[in-house]
Amino acid sequence: MSDATRVTAGRGTELRCGGWRQEGLLRMLENVVEVGERPEDLVVYAARARAARDWESFHALVAALRELREEETLVVQSGKPVGIFPSPAEAPIVVMACGNIVGHYATPENFDDLAARGLIMWGGLTAGDWQYIGFQGVLQGVYELLQAASREHFGGSLAGRLVLTAGLGGMGSAQPLAIRMSGARGIVVEVDEAKCARALRRGHLDSVTDSVDEALAASATGVVGLVGNAASVYRALAGNGVAPDVVTDLTAAHDALYGYCPEGLSLAEWSERRQLEPEAVAALARASMAEEVEAMLRFKAAGSVVFENGNNLRVQAEAAGVSQAFEVDGFAERYIRPLFCRGIGPFRWVALSGEEADLATLDHLARETAGREEVRSWIDLARQHVEVQGLPARSCWLGHGERSAFALAVNELVSAGRLAGPVLFTRDHFDAGGMTHPHIGTEGMADGSSAISDWPILDALLLSVSGADLVAVHAGGAGYAGYMQSAGVTIVADGTVAAARRLARSLDADTGLGVLRYADAGYAEARSVADSAGLGLRRSEATL
Ligand code: NAD
């Protein structure tokens, strides 16, 4: 990487911008590149989710954030800043839209063509709006998912159970640790030897091998990385009558061209051939995904708990002719929805000072104020297992009311000077109100509303009028087109009364709308949370 493309997030208390709101967003823009998978290309995660459209846009974003004054709002279109407008003091200081193409035209081909012409960018969920905090962001998601599966199928404990999965990329690299935190054993298949070596270096894998037999033997006592192609390995294991307790996958299957290496191709061949014959390579990848899903169906028939973990593998396999692909469960519908009904989802905080001591103070506060044992036990596990990546950050699934209460307590700590710097709050888009993805988050909605994207758009509108600091509307997903619509939000707790107001309003609005969405769709648990929290047409007073 050249010096020109080496980015590290600002740390300390010195401001380069007009205030902490602008400085916080600038540090996050830098941070997603610092912790990203291919910083030299501005690629943060998920094969090609980018932080900015190109380097020129990156530098223009930095300059714009540095210049941005109070009562101004910066407008960003697909990773490129386009204008600064006057706005009220309580308005967002950055609004973005990323990857959106109007309905009928939202095809992968149109997206790729527009992206090649430098007109649009795929921002993933948290890359384009600078909210990615490294592999931890998905770590708790995978952990919570394994916990939910364990409660449903294994009496609440995965101790000694074997998990088979694949992919050790930006998100996938959370898997070995989540398996270990759950007390399970595991085999993680990864085609790129360097990714296995990285997970071994981080201490998340106990060993690495390229032999299926050796992997099976090593998985008797720990979590092993298996260098190989998931399609070939899953087929071989299913053919040998191996039935792991849990089977899933986190290769970047949503992207048939860049995310999933076809069987029979080396990494170098894959990279070379996709430039020369992209359509043929995508077809080969889909054929391999079909093989993998066929094997997953055999595991399921043999008694394994099998689910897709939100990477659109089933859509690709179905397109390649596996008519039963959707007999593999979707993780959100099966395991995560009950949490979303309570507004519980992937909330995050970031210590903008860069001081690990601030994170320790925040973790302590989260532990002390938590109303649920799950939160305490997660914080303990995270402190034990999760190393700091970029700016010190914590992912912590909190629900409606929990997020605003915690953020307000943190804002008071900042105000009292008990932290070295302000704290930034954000969340994954994959949240109760934040996303519509009919094959991932909103699959199989009880009232048939799975594909209605009014909800994330309403969420973004509501977050804007609630005064969140950054509000984003993203689209894309599989093939980068048409499959998903989502809303992102970031708010800085700088210790001021204005920040307290923004935090309370935005965080309660965000989770509140999520709960109402599930209540509206007929989920009894969401209705009861809405009733007890006074959500609806006659809601109780706001927290502030
Ligand atoms: P990534 O591109 O960083 O990593 C993908 C990894 O898969 C790479 O290391 C690649 O070498 C490996 N791989 C590709 N083909 C393979 C094959 N045939 N066999 C074995 N390994 C192979 O992507 P990521 O950031 O890790 O994301 C993975 C997926 O997770 C994406 O589809 C993303 O959309 C999805 N995702 C899910 C959630 C969730 O909440 N469940 C959240 C975010 C992302």
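All ligand and atom numbering here is 1-based and tracks the order in the structure. Scope of the values below: all heavy atoms of this structure, side chains included, with no hydrogens, waters or symmetry mates.
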Problem - Side-chain touch Arg337/Met445, heavy atoms, less than 4.5 angstrom - result: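 Yes - at least one pair of side-chain heavy atoms lies under 4.5 Å apart.
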
Practice task
Sort out for me which residue in Phe331, Phe430, Trp455 forms a ring-ring contact (aromatic ring centres under 6.0 Å, His included) with Phe340.
Solution key: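 Only match with Phe340 under ring-ring contact (aromatic ring centres under 6.0 Å, His included): Phe430.
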
Problem - Partner of Trp378 by ring-ring contact (aromatic ring centres under 6.0 Å, His included), out of Tyr143, Trp397, Phe347 - result: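 The single option meeting the ring-ring contact (aromatic ring centres under 6.0 Å, His included) with Trp378 is Tyr143.
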
Handout entry: Proximal protein residues to ligand 1, non-hydrogen atoms under 4.0 angstrom
Key = Tyr45, Ala46, Ala47, Val138, Gly167, Leu168, Gly169, Gly170, Met171, Gly172, Val189, Glu190, Val191, Asp192, Lys195, Gly228, Asn229, Ala230, Leu250, Thr251, Ala252, Ala253, His254, Gly259, Tyr260, Cys261, Asn309, Gly310, Asn311, Phe331

Practice task
Examine Arg274 relative to Trp270 and say whether NZ or CZ is less than 6.0 Å from the centre of the six-membered ring and inside a 45° cone about the ring axis.
Solution key: yes

Exercise for the section: Establish, for the pair Arg286 and Tyr260, whether the NZ or CZ atom is under 6.0 angstrom from the six-membered ring centre and no further than 45 degrees off its axis. Expected result: no

Exercise for the section: For atom CD of Glu269, decide whether the heavy atoms of other residues, nucleotides or ligands shown that lie under 6.0 angstrom number more than 12. Expected result: yes

